[in-house]
Amino acid sequence: MNDRIADIHGELTPHARGTVWPARVDLHLEDGLAEDDVDRWVQSACLLCSNGCGCDIAVKDGRMVGVRGRATDVVNHGRLGPKGLYGSTAWSRSSDRLTRPLVREGGRLVESDWDTAMGRVVEVSRRLLADKGPLSHGFYTSGQLFLEEYYTQAVIGKAGIGTPHMDGNTRLCTATSAAAFKESFGADGQPGSYTDIEHCDAIFLFGHNMAETQTVLWTRILDRTRGEDPPRIVCVDPRRTLVAREAEATGGVHLAPRVGTNMALMNGLTRELFVHGWVDEAWVDEHTIGVDDLRAVVEPYTPDHVADVCGLDADDLRRAARIFGESTAVLSTVLQGFYQSHQATAASVAVHNLHLLRGMIGRPGAGVLQMNGQPTAQNNRECGADGDFPGFRNWDNPRHVEELATAWNVDAMTIPHWAPPTHAMQIFRYVETGAIELLWISATNPAVSMPQSARIREVLSADTCFVVVQDLFLTETAELADVVLPAAGWGEKTGCFTNVNRTVHLSEKAVEPPGEARSDLDIFVAYADAMGFTDKDGNPLISWRTPQEAFDAWRAVTAGRPVDYTGLSYDTLRGPTGIPWPVNDEHPEGTDRLYADGVFPTDTDYCETYGHDLLTGGAVTESEHRALAPAGRAFLKAAPYTPPHEEPSEDYPLRYTTGRTAYQFHTRTKTGRSRSLDAAAPDAWVELSVPDAARLGIDEGDRVRVESPRGAIEVRARVGQVMEGAVFAPFHYGHYDPSGGTPDADHRLANELTMTVWDPVSKQPYFKTAACRVVKVRDGDGPAPAPTTTASAPATTQGRRSVPATSGGAPTSSRVLDETPDYPLDPSRDPGTPTATRRP
Amino acid sequence: MPHLSTYVGLADHSEKTLAESLRAVADGHAAEVDVFHTCHLLAGWSDEHRHLLAPVVARYGEDDVEEPERLHADGLAEVRSGPVGLLRDLQDLHVLATLVQTTWTVVAQGAQGLRDHELLQVATTSNAETTRQLTWLNTRMKAAAPQALIVDP
């Protein structure tokens, strides 16, 4: 019986390069139940990170009681991580679930009924539409709903109300991934596949602590690094994460640039490729645009100059570039260390540039994985309930807008397309100025997760805006709402979602939601009905009722677009594995990897965007784009390094950066309600380097005050492995306190300190670059509550307090299968796959 | 070449006016954080153009006694308030940047006639960045306009 708190990644199954990843089935059942006790298993996929592991939900006596990995699923080959095992079902029976709608009466939220609550929403909505028009409405949604729900909401917002103010918390987690794809390749869409792990000989992780954020994917990498013919790992991270340690162990490199200097580092790596002739000139000539400009922009970034800006050893930079330049197949992954940091889009695009310069895209082992932060973020990008248009359509292309207008049978002028859909930070600004008077928040907790949280609380509390929140629990955000709608969660409703590498899963309803809670789809449809939204012929705009009907409506609008779902159905998704799009007549079984032919969706009439200036965000016009005649070639886009918006000063001498831990997800709405996960990371902390702690007279576990120009937290200090000059704080912790009596609950919210500032292209807020100071408040009485099994491990030079190892997870089981199932599309099935050969 | 020096002087002066006005708009609308940061960034570009032009100014002089006064546009000494005010201020910046751009165009023509490689280089690279300044202003105005015009409280 495995304790997957102590052993995050579980038993390894090392295997050789180019061979199929073995299957291992992980299982956790609550309350000491055995597999035989389970009444039935219901097909789904895990919703507790962006990896999208296939799983079955265990149902006993009408309750969800655990999960088991699906051995036949291409994503996880049966494995599950600690969050999925311990956190998938425990929340569903929490006594504090919302079971009835709440409305604000005399300043307090009181229990009500659906007619009253929805009646109030509709009354305000109608009045505002009559008085001020559609621009008075804003929607802020999630990365954790199902595609049927996003698509329904997108149609309501864009064609029913006609507001451009729709975005998701995907803006905080994955907007840069989408933006970087669009700038380089013309449209969103993950080029690579998880199967690249089996075929590469080097893996670069850019600002991506995969060992904690996607633990199952990291297990897949460990199974390569511990096997025959392993890849070398290169890690870019200011903390000495498990990834960094693996880089050291595999003969790779750990690069720890100063927070905020990613762009200088990327320009340095790019310049090395040019200088050493590691560029596939013929491929670049045929398949890209912009190489001369890129070469000119990176020219000043010599290794010594970059070392100076980033605080690195120039030889480490040279070694990392050489690994990229001399490997035969490189896989790169990118996450929040780039997306939520200074020059986010430009730095993420620079990763694409490295691959394009070497022609390393579109074949097994040579790929890019721009990761997502949330399990269904991809669907929000596809369906257009965030800042995109459904089907990766271009808001600036009138023909694309006309296609939607035809599909929905509305006037194209109804669909706001005079500018890109309003991004989340601007939506909150419009609420702040009083321009938006109805804000509808679904399945997300901005009061904890958005930057500069004191400001966000003020915005949400203001009398000028009517705030609707639909969620599973009374979150920190729901507490500020005017109407709270109780929602059904995962396992309590049916729908599809799509993971980082385009794999679509169907998640079936396993149990009834509690009390009067309804699925988000039902709530949106009820609102549309009550508002009486109709098409041009007077028929209901939302013609569907069930998830399957919504899926079919969505499927129809994807025809002819890169994100082609036309070959998918609920029936095909009930098979042994999730299926990666595009799925159509040409690719009936799905597509493991995009751009195998080196043709990109950049044609002016087809692309999702005409592109932007990476430094300013200024939009390229259609005629400018057409003049470039991209015709299927990818863009090499360059940007010089610019210093971050807030640098350390005399008053605030340290760099403040925020992030995640393996045991919590988001604002802990689900993971905090799992005993095993909560006990592993029960309270917030900050990490300091050994020299900084010594200078400040701080020992392990001492209570410290961390302050920026915007706010402060008081938590316990971990003297850990963050780079000198930097302070790390986990962002998960608001005042919600599942076990009660947590001493820091009211002063531990990491986003009190972060800045309101965002990337010019992706509009993703920068959570990782701010200046701060740290002072000791008083001696601690024990170690910090930070896990020891992760990047928050204590420094190897122990202080005066010893720190007990993190452990104590409930029992789980794990079984390596003797016979590995057959995985469709997996290139390792074919022993002839030329993994080690260079592209001619 | 009295008239080329007039235009070299105009380039220098109009870039200075644009930089100062961008900074005034940045600071006056600091609550719009993208405006704040981007306007400061763009002001730095105009500073750099003047820096590049400095050796040319030293060669040709900036003798603009003959210059009709009306060629000089006043900058934005103070900004307006609110969303519509921001829209107007961005529009004024666009006018100033357009003056900068046409000035560089004229200067580049003169530089070609004189076969002055240094000046041509300065005028061409600066003009390209002026285009990027104009593009951002246009993008930002388009995004802000409907809200400011229709529902601004």
Side-chain angles (χ1 to χ4, degrees), chain A residues 128 131-138 162-165 293 296 342 395-396 416-423 425-427 429-430 432-437 451-452 455 464-465 611-621 624 640 642-646 755-761 763 765-766, chain B residues 18 22 25-48 80-87 90 93-94 97-98 101 121 124-125 127-153:
Chain A
L128 284 171
D131 293 352
K132 296 183 65 177
L135 302 187
S136 57
H137 283 52
T163 178
H165 308 321
D293 186 45
H342 187 57
W395 62 267
D396 207 8
H417 61 281
W418 51 74
T422 313
H423 61 91
M425 301 302 290
Q426 187 66 50
I427 289 176
R429 174 67 182 150
Y430 284 148
E432 190 174 36
T433 63
I436 288 178
E437 294 187 49
Q452 205 177 339
R455 169 177 172 262
T464 50
C465 187
H612 300 83
D613 187 314
L614 295 184
L615 273 190
T616 68
V620 177
T621 64
E624 287 164 344
T642 62
H645 297 103
E646 188 169 272
M755 285 180 88
T756 300
V757 60
W758 56 81
D759 184 72
V761 180
K763 319 294 186 195
Y766 292 159
Chain B
L18 178 59
L22 280 162
V25 171
D27 297 340
H29 295 280
E32 311 299 334
V33 297
D34 61 328
V35 171
F36 175 82
H37 291 295
T38 313
C39 284
H40 274 295
L41 175 76
L42 301 186
W45 294 2
S46 289
D47 293 344
E48 177 62 17
R80 305 167 178 93
S81 65
V84 179
L86 171 65
L87 201 55
L90 292 173
L93 289 175
H94 197 279
T98 306
Q101 179 149 66
Q121 180 69 29
T124 309
T125 55
N127 196 342
E129 288 198 334
T130 311
T131 300
R132 294 170 67 189
Q133 291 172 321
L134 285 162
T135 297
W136 178 77
L137 289 164
N138 205 42
T139 301
R140 191 64 179 80
M141 280 191 288
K142 281 177 75 174
Q147 201 72 15
L149 299 181
I150 300 167
V151 280
D152 187 33

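Proteins get letters first, then strands, A, B, ... in listed order; numbering begins at 1 in each. This is a predicted model, so every value here is computed, not measured.
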Trainee: Does any backbone or side-chain atom of B:Leu42 lie under 4.5 Å from a heavy atom of chain A? Answer side chain, backbone, both or neither.
Mentor: side chain
Trainee: With a 4.5 angstrom heavy-atom cut-off, could you sort out which part of A:Trp418 is near chain B: side chain, backbone, both or neither?
Mentor: both
Trainee: Can you tell me how far CG of B:Asp34 sits from NE2 of A:His423, rounded to the nearest 0.5 angstrom?
Mentor: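 Reported value, rounded in 0.5 Å steps: 6.0 Å.
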Trainee: Supply the atom-to-atom distance B:His37 NE2 to A:Met755 CE, rounded to the nearest 0.5 angstrom.
Mentor: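 The distance works out to 4.5 Å.
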Trainee: Begin from the C-alpha positions of B:Arg132 and A:Leu615 and carry the test side-chain contact (heavy atoms from CB on, under 4.5 Å) through to its verdict.
Mentor: CA-CA 10 Å; B:Arg132 294 170 67 189; A:Leu615 273 190; 3.8 Å; yes
Trainee: If every non-hydrogen atom of A:Thr616 is compared with every non-hydrogen atom of B:Trp136, which pair is closest and at what distance?
Mentor: O-CD1, 3.2 Å
Trainee: Quick one: what part of B:Ala31 sits under 4.5 Å from any heavy atom of chain A, side chain, backbone, both or neither?
Mentor: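 Backbone plus side chain of B:Ala31, per the 4.5 Å heavy-atom cut-off to chain A.
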Trainee: Could you look at A:Gln426 and say if it's the side chain, the backbone, both or neither that has a heavy atom under 4.5 Å from chain B?
Mentor: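 The side chain, not the backbone.
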Trainee: As an exercise: rank A:Gly618, A:Pro420, A:Ala419 by heavy-atom pairs under 4.5 Å with chain B and give me the winner.
Mentor: A:Gly618
Trainee: Please report the shortest heavy-atom distance between A:Lys132 and B:Val151, naming the atom on each side.
Mentor: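 Residues A:Lys132 and B:Val151, closest heavy atoms: O-CG1, 3.1 Å.
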Trainee: Examine whether an atom of A:His612 lies under 4.5 Å from a heavy atom of chain B, and if so say whether it belongs to the side chain, the backbone or both; otherwise answer neither.
Mentor: neither
Trainee: I'd like to verify something: which residue of B:Asn138, B:Ile150, B:Thr139 has the highest number of heavy-atom pairs under 4.5 Å with chain A?
Mentor: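 Between B:Asn138, B:Ile150, B:Thr139, the count favours B:Thr139.
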Trainee: Which value, rounded to the nearest 0.5 Å, describes the distance between B:Gln147 atom CD and A:Thr163 atom OG1?
Mentor: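 The distance works out to 7.5 Å.
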